[in-house]
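Right, one structure below, let's go through it.
Below, chains carry the letters A, B, ... as their sequence lines are ordered, and counting in each starts from 1.
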Amino acid sequence: MACEKRQKFGRSMARETGETKSAKVKKHKRRKSKKETKTRTVHANILYDNTKGEDNPNRHYANNKIKTTKYTLLSFLPKNLFEQFHRFANVYFVFIALLNFVPVVNAFQPELALAPVVFILSVTAIKDLWEDYRRHRSDKEINHMDCLVYSRSEKRFVEKYWKEVRVGDFIRLRCNEILPADVLLLSSSDPDRLCHIETATLDGETNLKQRQVVRSFIDLDCEFDPIKYNSVIECEKPNNDLNRFRGYIIHRNGRRDGLYKDNLLLRGCTIRNTEEAVGIVIYAGHETKAMLNNNGPRYKRSKLERQMNVDVFWCVIILLVMCLFSAIGHGLWMFQYGDKRPVFDVLSPEGTELSPVVSAIYLFLTMIIVFQVLIPISLFVSIEIVKICQVYFIHQDLELYDEETDSQLQCRALNITEDLGQMQYIFSDKTGTLTENKMVFRRCTVAGVEYSHDANARRLAMYQELDSEEEDCTSHGGTLPRRDSVASHQSGKVVLRSQSTKSHRRTGSRAEAKRASILSKHTAFSSPMEKDITPDPQLMDKVNECSSQMEFMRFHSQSLKQIPPDLCDVFDFFIALTICNTVVVSSPNQPRQKVRRFELKSPVKTIEDFIKRFTPSRLTSGSNSSSSSSLTTNRSSSMKPGCSMLSSPSAESTLTRLNEEKRQEHDLHAFCPVPHNYEKTKAVAQDECELRYEAESPDEAALVYAARAYKCALVGRLPDQVTVELPHLGKLGFELLHTLGFDSTRKRMSVVVKHPLTEQITVYTKGADSVIMDLIRPATDDCKGKRQRKILYKTQNYLNLYAADGLRTLCIAKKVLSKEEYASWLQCHLEAETAIQRREELLFESALRLETNLQLLGATGIEDRLQDGVPETIASLRKAGLQIWVLTGDKQETAINIAYACKLLDPEEEIITLNADSQEACAVLLENSLHYIQAKFLCSPRPAPQPDYPSIHFSTASSGTSTPFLVHRLGLVIDGRTLAYALDKSLEDKFLAVARSCRSVLCCRSTPLQKSMVVKLVRNKLKVMTLAIGDGANDVSMIQVADVGVGISGQEGMQAVMASDFALPRFRYLQKLLLVHGHWCYSRLANMILYFFYKNAMFVALIFWYQFYCGFSGSAMVDQWYLIFFNLMFSAFPQLITGTLDKDVSAETLQELPQLYMSGQNSEEYKPYMFWMNMIDAFYQSLICFFIPYFAYVDSDVDLFTWGTPITTLALFTILLHLGIETKTWTWLNWVSIGFSIVLFFTVALFYSATCPTCFSSPSNTYWTMQKLLGDPLFYLLCVLTPVAALLPRYCYRACQGTLFPNPAHMGRQLDKLPVDMRRLFLSQSQMKLGSLGALFTPRTPFIPLCRPFYKDYMPRVTHPHMSGIKAKEKEKSPASPVPTKNLDLQDTPLSSKHSDNHFALNYRVPERLQACRQSSAGALSENSPLSPIIGSLPYTKDSRTGTLSSCLTSTPLLCQTEAPRSPSLGENLIDERSNQTSLLEQTQDGDCAPSPSCLQEHCLKTTFL
Amino acid sequence: MMASSYNAKEEDGHHHPGSVGSGGPGGVKSKKPDNTAFKQQRLPAWQPILTAGTVLPAFFMIGLIFIPIGIGLFVTSNNIKEFEIDYTGVDMSSPCFNCSQNYSWNSTSSCSCSVPFTLDQAFESNVFMYYGLSNFYQNHRRYVKSRDDSQLNGDKSSLLNPSKECEPYRTSDKKQIAPCGAIANSLFNDTLELFYIHPNGSRFAINLVKTGIAWWTDKHVKFRNPAGGDGNLSIVFQDTSKPVNWRKPVYELDPNDPDNNGFINEDLIVWMRTAALPTFRKLYRIIQKKKDNMTPTLPPGDYILEVTYSILTINVTPDYPVRSFDGRKRVILSTISWMGGKNPFLGIAYITVGSVCFFLGVVLLFIHHKYGNRNNNADIPN
């Protein structure tokens, strides 16, 4: 029921359009503006019920009735017409039609001339009417949904329609109800005064959100009674920011309480997990946030359409020229007769004689009417029809359908399908787009000890195999059930699985996934793969040891401080994993019902309370008992969270009670500790498996599941308490003092808890290693500090390792606050929290204050697996000439490794890494890399094409608009900070110059804003077509900026999808979408548009030629009916069919030969010259079609229409045959449509000529013409001869083109014709080496054969004057430097050692940092370096991460130095450098800092070859 | 920033079965697209590839077909006999010079002239006699429109209230003009007679048939005299005025033959069918072949064309004033074949196109021979 409702609601919301709503809002605003200023004041309606609204202060607010229709019955016609006339084309055509009503200029019968325009307008109007009617119906449905509204007269809540709800009404909401309006939550049946809502209809996020009762109503013990309510609410005026709501509530006693977004329930959300809630309506109807957010569909104009518009403009010019020519001709023609008026020059109706000049002016207008067809009225309609069909076919594609999620591709923007075929740059998000966004806990390091989790790795590998096996199996039509069993077997916990939540994402088995897809909506991020983590035995032992020790300590009432620090860290580490998040726990058997913890009693607010309720029987009282009946009874006993906040229960009592309980248990199993453990884990497992974790991000879920694997399970979360179940210790309640949520600026989140065991106020922080590492401050006392520094050092090493493995790294840290520290911080924080203005900023600052001087606990490595087919997709997209940039928020090493994994970076290619920490450094780096690239690739002569690869050229960049640019086998890696500098106005050009010459670009650590800036920059500066693909909210801005935005409908909500033009279920579908559908759409539409121009020009030119024979009088030999309906009827269908169905190359070939995509990128199907070629062809053909009948009938007794009708017929034949030449695939539909066109023409012509001799007024008088013609052999002779003569050049040209200079598509088509096995053979050969077919592609191809590096014989020559200048400078300075100035940059990350044999590093250092760097390089670990104390004090160096040290440019060329021939001058240089480097190597190895990958050179730029 | 439309969710919404967890995949309607050839764009198709090799046969075929047709047409056209006499009278020497000087529609003097000519060849079968005008823009936009088909169709109301298109030839002397409009007003009104000069010097008038020169449908369907008046057209047309240029009203066009009088006068019908091009001919009379079939319709010899500039009224004889627009007046005698009058163009065109195709075929053959193989080898590596 609820779901149905929701669907309806969602649908209706979708239909609501911006205009009406904004109009309405405006209306209301106008009225309101008199009354109020900046805020809205809401009183309760029940206070004013008697006066029926007269003095109800809420009466000016919009009520809850929604009306999304655009029109009423009366306003439909004027309004719709008005809207249609916003389109310029319509105005133009109406203007022309109206011109016909002016007698002096009219060319056609005025009524007839209106026909096409009226036809097109009415088609649109009918479509609008239908849509509006549907909108009306859904409005009605929504307006008549029920809800409970408090009635003053009846003193209870009564059912009312949604539309009757008014601002200020109290409404009662029950579980699973949809909110009818924006409601301020005043009461909730939930003991914690919470209300859970699901916001899927608003933002697509399926996890539950908690909303809180307004603060002043939290304390209410009894049921909320609306009668007693008499506060006034003041809040913001309606706005569309879903994440903002501010205001305050003023009670009668004058007390004010702030209202935040946490208090507001938004219209369209669904109440979950909450039995009942009461609230007051704040915004209703069109003023709700959901409605204000409802914008109409996106309108984008495609590149092709832009190009087309240019040519439409040219058509206008041609039209004007033709008209002008005719007008002048007419004037001259008139003039030659002078005063002698010939008989056929009829006077104007008024009988006045017109001077040649006036005549010419009139004629000009007449000609515009006659030639109007040149600007094709039907083109716009046809394009829309074709695009709708294209969208339909894309939707229908089976290969773009994802069985697991039962979703197919969605085209959300209907008018840019052809842009898909013209993409040049792809900007991709990494997480969730290239990868599954299924975070799997892979390994971790705690207190400096690494736990490799080998078993876990094996388990993951199994999934991988399974998936690929699955792939094979399904692709060969294998059956799914077998898979299922295998999967279940392999994933181990069969029992668990059947109960556990399934995810719709890539689970172990597809069949299972399919089964699970129903449940998928309910718990994100929890496939078995993510959940069933195999613990590392070593760590498991430690955890057990730790727990038992703790138990022991507690047993002996010893201080916990006695536990060895590493165990303590392990404990803290898991506690942090468990509680430092916002994961909500729920139970699967009652989905969406929050688990009421483990007992039926009221929630635990304090530790005493916790202990009081802690009974040995807890294990039997299952967690699945969220019975609602108990809730009411609980309510009274629940304690006020406000009081518990700072209450400090006595630690002793907690411990003793716990211990008592524990002891009992312990005694029981005293002699068999192992079975004890075993049993317990089993019990716990069963207990746990019924819990679901609803996380906002997959990382969080992964960590919680990981912790659970170590028996450290999160079992309950309340706003003020987190319950954790630990081995030995049982359930512990952590009093949650604060949660400082994650944000992308801080890149971390923290929780402040009161530790139940130590009673300390502890901050647990989890975040990106780059930020956390900076906040770590090892303890000052010697022993501890040393240990912590060691941990820090080791952890850093492991982090590097993790990153090299492509794992996502997170650091976990903690901090213990003293009471005083906490108190002082709390004061500030509370101030920030209660602030009404600048609340967000204050909270942010407050968080920053807290998260300092942390103590590192450990780090985790989370694996995010690549999606299926990503490397293949990237490889083929790249072959298709697409430049792929990956913009990710991940850290550099992780990003690079993922890039390698998905073949974005090639181990054989060089990588330029840009890390700079200042604007200047960035400028120099860019400059240098630019020179480097130039020096390396441009100055050197091109490699002579090797005989095997006759066709290898450096390709020009696909942009096509600017100067040809070379794309090299280079990869560029740039981090967020450098990117920020590089995107500066002064540097962006250089950045682009570098970036575009690289084959792949990887931007790490970039913010959403930067992503969109990069896209914008590339799009605007390079004038290329960009596609952005992403899945998360952080990609939205990028998606919106790009020409085509693609959203992955994944787990991270629907924001990206909502913003996108196309939504894909998987990344790999991009391949078919672009290579096949994009190509088709583009080529179809391009050909159709060209054909349209040709067709119209050809037809109009016929009439133009005739003007030479009718005194330029604007006469037409084609009857006006034919003239007007020729485009609309006779020649319309075949081109629509061809435009929809034509396939220049088959889908298989397009995918196998991605190179074919380049034709779209280079706009090869529709180039500006092609328009003119088509025009010339059109003029030629029309000349033939005109003059063959002309000469055949010259000086005969033929009359106007007996001569004109054959011309029309010939033109039709020619036009259709022309289409035939251009049609590449002939299906029966093509035949039928062409046949239909011809039959239609003759039928209409015969019918028209036979009906009524006098019906059609004067110029058209074709009575019996067609019949007469059909009896004339000459007519048939003409019909055979003329089309042949007209199409001869084009046919011949196409034939020659096919043989002499076939384009790739041609070859693809030939390939299509080959038998399957031949084709496969050929394709496999062409994959291996670019054979002769490849030769066709290469001239524009950035595709370079992979097998052999083409610049094998070349040395990098860093000989640019600028560079050598720097070198010189560096040499000058070197003697002054006390430490070796030339210090080798080892950059010995596992990455580089893994992927390259040779390193090439260019280092650049800003002077200020010199001192610190030198110190660290010399191994002098002095802690008193003022500039960078942390760095100075650490035994390792974080070059790019800390940013203080370095700005380095690294590249790893694939050079075989030994083979390198050297020119004498260069050789010297190189040898010199090499010797330098060797000495450097020795130096570094001599020094202590050998393993430290630091780079220390002052203004030096070195080339280093190892 | 936020969701702009709810479409996506709406579709997702379909997958919420009423009670969560109970429904299997069978219960949910899958959105899986149908695997049909049409929807998957796999319709069986013919994929012609245009290369020199594949189009070769077409070119040769066209050449082989067109050239014979062209030759046939050319021969047919050449067998047609045609004789043309220009009687515009521009030259001083021309017999019609004097008459042609008198170019006003309203000149009062009557004028006639005789143009002698000699036929070298006999004209067999029916001979069609045309008058031809040059530079007469009967296809001028305003001219073409200036008529009322309803009136000509015998519609009573239109007779007395002609269409506005006829302006400014709609009314005259406050009476409606019948037939109205510029086309009718400028009716060709020269009378042409043909005499055969027997070698012995005597003149024989050749019988010129003046019916059967218009389209059957025009004469019987499109053009009709208004009903009433018991066949007396003068009564029917009594409230109308004659076109201003005419010497006599429409019901006196052929007083002798009621079936050729009024609107159904065939000279009028032929004139009303406006010519397509400024140089045109219109069928004037038909010289039917002799019954005996032995003597040709027009034996070779001397003829005289008598042009009387006054067919309508005896007293007023304007020349058809072609000189105001540099027009020419001709009389054409022609036999016709199945393909109409003499016109060698079509035959030549067919021959030309056929030859060009043949030539291109040869060129393509060469191209195919020279370059086609290269591609084929490229396509299919051994």
request  = Considering only heavy atoms and a distance below 4.5 Å, find which of L1274(A), D397(A), D1272(A) pairs most often with chain B.
outcome  = D397(A)
Toward chain B, the part of [X] with a non-hydrogen atom under 4.5 Å:
X: A1192(A); result: both
X: L1229(A); result: side chain
X: Y392(A); result: side chain
X: D1312(A); result: side chain

Could you tell me which portion of [X] (side chain, backbone, both or neither) has an atom closer than 4.5 angstrom to a non-hydrogen atom of chain A?
X: P278(B); result: both
X: L364(B); result: side chain
X: N343(B); result: side chain
X: D34(B); result: backbone

inquiry  = Looking at A276(B), is its backbone amide N or carbonyl O close enough to the side chain of Y1193(A) to form a donor-acceptor pair, meaning the two atoms are under 3.5 Å apart?
reply    = no
query = Do you know which of F128(B), Y130(B), F280(B), F66(B) has the most heavy-atom pairs with chain A at a distance under 4.5 angstrom?
reply = F66(B)
Approximate separation, where rounding is to 0.5 Å, of [X] [atom1] and [Y] [atom2]:
X: T51(B); Y: R1294(A); atom1: OG1; atom2: CZ; answer: 13.5 Å
X: T1299(A); Y: H369(B); atom1: OG1; atom2: NE2; answer: 13.5 Å
X: D1197(A); Y: Y284(B); atom1: CG; atom2: OH; answer: 15.5 Å

message = If you apply the rule salt bridge (Lys or Arg N to Asp or Glu O under 4.0 Å), what do you find for D1195(A) with R330(B), and how did you get there?
response = CA-CA 11 Å; D1195(A) 193 23; R330(B) 296 161 301 155; 3.1 Å; yes
query = Does K222(B) make a cation-pi contact with W1264(A) (under 6.0 Å, within 45 degrees of the axis)?
reply = no
request  = Taking the six-membered ring for Trp and the full ring for Phe, Tyr or His, determine whether the centres of Y1109(A) and Y137(B) are under 6.0 Å apart.
outcome  = no
query = What do you reckon, are the aromatic ring centroids of F223(B) and Y1263(A) less than 6.0 Å apart?
reply = no
ask   = Between D1199(A) and K282(B), is there a side-chain N and carboxylate O pair less than 4.0 Å apart?
value = no
message = Which residues pass the disulfide bond (SG atoms under 2.5 Å apart) test with C166(B), not counting sequence neighbours?
response = C180(B)
